[in-house]
Structure formats: structure tokens, C-alpha cells
Q: 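The structure that follows is given in the form of C-alpha cells.
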Amino acid sequence: MTPGPFVIKVGGSTLGSTDTTYADIAALARSGDVPVVVHGGGAEASRWLEAMGIPSRFERGLRVTDERVLPVVVAVFAGLVNKRIVAAVNAAGATAVGFSGADGRVLECRIADPSLGFVGEPVRVNPGPILALQQAGIVPVIGPIGAVPGEPADQLVNVNADTVAGNIAAALGARRLVFLTDVEGVRDAAGERIPRLDAARARSLIADGTISGGMIPKIEACLHALALGVEVQIVDGRRPGALQSLEGAGTLLVP
Ligand code: X2W
């Protein structure tokens, strides 16, 4: 069996002036190992919402997405942030094409908890468009909007970007899923980085509150992909060359 692709989750806040993420992604693509990129942009969405006088509210790391928030997050994730990343990967010397999980119904969702509003929980991944681009040597860049199939149009929904990455990596049979974040890795109660974290300990750290907020969907996405045989690692994406020196970096999830 051919090993699956390398899936890279880029958090909105990790892309600064010191990281080499785009150059690293372009270098992988040019070497023939075309990565699949999934991105967030939560901080950017919060800034646009604030400018519009709409406060941001999160429950267990998920943005409560009402009918005022939804059009803004669609515009920011499927538009602005997606196209900025596409433009940067293209400029770094690879070819990237961006879309969201609603395009081609790549990410079919359901609304699992109506109290969160239009927040999608993935139920099915249709990988066709991702694979077609990848086979053509083009880097797919996927934004965290999903579709709930319906009439007369699918319902657009906001999906946590880590959840998107975990589901896509699992569906593609990815050999590796790397989360580029703005922290050094998962920390224990004493604040020390945990280099290797097994699934049982991860669950207990969530249960006792050591892992909280936005780290919860990230770890849940890790566990989902891990259970399907994907190697999963959380690393500090602000570090230059983060994608080139993964050995021993951040937190490696183990079964
Ligand atoms: C996230 C999607 C973006 C995201 C949000 O609206 O913020 C939900 O919480 P980061 O940069 O990876 O945090 N969606 C439902 O996850 O961005």
C-alpha cells in the first residue's frame, strides 16, 4: 500500500515572521510528496467580528456560531485566510488551490449541538477533490467550513479546524498529521511539555481540566486520527524549519 499523504494543520496564529511554513510546504510539494494543508483562522475571524460589534463566544473550544456570525466566518475562512495561504504557497514556489469543506461536499457535516448554532460535526469526508489536486502535484489548501446536505442548498457550517484536519487525515489514510500551533506542545499540570502522550493519559488530562479550551478539540482530533493509524504530532509552528525537524519536537501522540 502506498503511504498516505502528509497532512499539515496550520493555525491562524502560527504564521508570523520567523516561521518557514510556506517554504517548507512548497519544498515538500516540489519533492513530489505533495502535502495536504488544512488551516484555521479563528483569531482573524474574532478580529472581523469585533470590528462589526459582534462578540466571540466559545464553548469547550468551539465558537458559538449564530446567524450573524456564520456569514463572517464563511467569508474569513473560505475567503480571506484561505486565499492568503494559497498566495503564500504559490509565491514559495509550489502550486496551491484553495477551497473549503463545503466545496465538492468534501466535508459533510451534521449539527450535533443546536445550542452552538451553525457548528458542524463531520459525518463523512469525500476525498475526491483533494486526491485529484494532489495527484496533479497541486497543494490542496482546505478551510474549516463544512456542508450539511439539504434543500434547496446545503447549509454552510463552521467546523473547528483541528477537527477538520483530524477527519481529513483519517479519511485519506494519512501517514502523518502535524498540527503547527503557537505553543511548544501539550503541557502537564506542572506546565512541563509532554513529549509523548498516550490516548489514555490524554483523556484523563481532559477529564481533570489540565487540557482545556482550544486544546480539547485539538486532542480529540488527534485521538480520532490516531485510532485510525495516523501518526499525530503537535509542534510549535513559530520555530523556523518546524516541518523539517519533527523528531523529538512538541508532543507526539501514541496509542
Ligand atoms: C473555528 C474555526 C477556525 C479555527 C472558529 O470559528 O474559530 C469553531 O470553533 P484556529 O486558528 O485553528 O483556532 N470553528 C466551530 O479552528 O481556527
Side-chain angles (χ1 to χ4, degrees), residues 7-16 19 21 36-52 54-85 88 98-102 106-123 141-148 155-169 177-183 185-186 211-222 224-225 232-238 242 250:
V7 176
I8 301 164
K9 155 71 199 322
V10 180
S13 47
T14 61
L15 298 166
D19 68 82
T21 306
V36 173
V37 177
V38 175
H39 67 82
E44 183 76 35
S46 295
R47 280 195 291 275
W48 284 93
L49 287 161
E50 195 191 340
M52 297 172 76
I54 305 170
S56 291
R57 196 156 63 82
F58 291 84
E59 301 270 352
R60 276 179 64 91
L62 301 177
R63 185 189 305 275
V64 178
T65 305
D66 64 16
E67 65 286 347
R68 289 215 301 159
V69 172
L70 182 68
V72 182
V73 295
V74 172
V76 172
F77 302 151
L80 184 62
V81 175
N82 188 268
K83 298 321 153 197
R84 276 187 187 147
I85 294 175
F99 53 98
S100 80
V106 162
L107 197 67
E108 283 187 30
C109 295
R110 68 184 186 111
I111 291 176
D113 180 356
S115 74
L116 295 173
F118 298 102
V119 169
E121 179 185 276
V123 289
V141 177
I142 306 162
I145 298 296
V148 177
Q155 173 66 52
L156 300 174
V157 283
N158 183 10
V159 189
N160 175 273
D162 296 328
T163 307
V164 176
N167 276 270
I168 285 179
L177 166 61
V178 171
F179 290 90
L180 296 176
T181 64
D182 56 358
V183 291
V186 181
I211 291 174
S212 62
M215 204 42 113
I216 298 174
K218 193 180 299 296
I219 297 298
E220 283 172 348
C222 288
H224 176 64
V232 187
Q233 199 171 356
I234 299 172
V235 303
D236 187 345
R238 299 166 301 184

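Numbering of ligands and ligand atoms starts at 1, following listing order.
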Q: Considering only heavy atoms from C-beta outward, does the side chain of Phe179 approach that of Val232 to under 4.5 Å?
A: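 Side-chain contact under 4.5 Å: yes.
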
Q: For a 4.5 angstrom cut-off between non-hydrogen side-chain atoms, does Val159 reach Pro122?
A: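 Sidechains of Pro122 and Val159: in contact.
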
Q: Are the side chains of Glu44 and Arg84 in touch, meaning some heavy atoms are under 4.5 Å apart?
A: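 Yes, close enough: below the 4.5 Å cut-off.
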
Q: Between Lys9 (side chain) and Val164 (backbone), is there a donor-acceptor pair under 3.5 Å?
A: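 It does not hold such a pair.
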
Q: Before signing off on this row, confirm whether Gly42 and ligand 1 have an N or O atom pair separated by under 3.5 Å.
A: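 Yes; the residue has a nitrogen or oxygen that sits under 3.5 Å from a nitrogen or oxygen of the ligand.
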
Q: Can you list the atoms of ligand 1 that are under 4.0 Å from a heavy atom of Gly40?
A: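 Every atom of ligand 1 under 4.0 Å from some heavy atom of Gly40: 4 (C), 10 (P), 11 (O), 12 (O), 17 (O).
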
Q: Could you tell me whether the side chain of Arg60 reaches within less than 4.5 Å of the side chain of Asn160, counting heavy atoms only?
A: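 Of all side-chain heavy-atom pairs linking Arg60 with Asn160, none is under 4.5 Å.
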
Q: Taking distance alone, with no angle check, do Ala161 and ligand 1 share an N/O pair under 3.5 Å?
A: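 Checking ligand 1 against Ala161, an N or O pair does fall under 3.5 Å apart.
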
Q: Without swapping roles, check the side chain of Asp236 against the backbone of Ala242 for a donor-acceptor pair under 3.5 Å.
A: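 Side chain of Asp236 to backbone of Ala242, a donor-acceptor pair under 3.5 Å: no, none is there.
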
Q: Answer with yes or no whether His39 contacts ligand 1, where contact means a heavy atom under 4.0 Å from a ligand atom.
A: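 It does not, in that no heavy atom of His39 comes within the 4.0 Å cut-off of ligand 1.
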
Q: For ligand 1, which atoms have a heavy atom of Asn158 less than 4.0 angstrom away?
A: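 That gives atoms 1 (C), 2 (C), 5 (C), 6 (O), 8 (C), 14 (N), 15 (C) of ligand 1.
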
Q: Under 3.5 Å, is there a donor-acceptor pair between the side chain of Arg63 and the main chain of Gly42?
A: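 Looks like yes, one N/O pair under 3.5 Å.
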
Q: Which atoms of ligand 1 sit under 4.0 Å from any heavy atom of Lys9?
A: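 Selected atoms, number and element: 12 (O).
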
Q: Within the 4.0 Å heavy-atom shell around Leu62, which atoms of ligand 1 are there?
A: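 Within the 4.0 Å cut-off of Leu62, ligand 1 contributes 9 (O).
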
Q: Can you sort out which atoms of ligand 1 are near Val159, meaning under 4.0 Å from one of its heavy atoms?
A: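 Under 4.0 Å from Val159, ligand 1 has these atoms: 2 (C), 14 (N), 15 (C).
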
Q: Please confirm whether Asp162 comes within less than 3.5 Å of ligand 1 when only nitrogen or oxygen atoms on both sides are compared.
A: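 No.
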
Q: Looking at ligand 1, does any of its N/O atoms fall within less than 3.5 Å of an N/O of Gly41?
A: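 There is such a contact, yes.
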
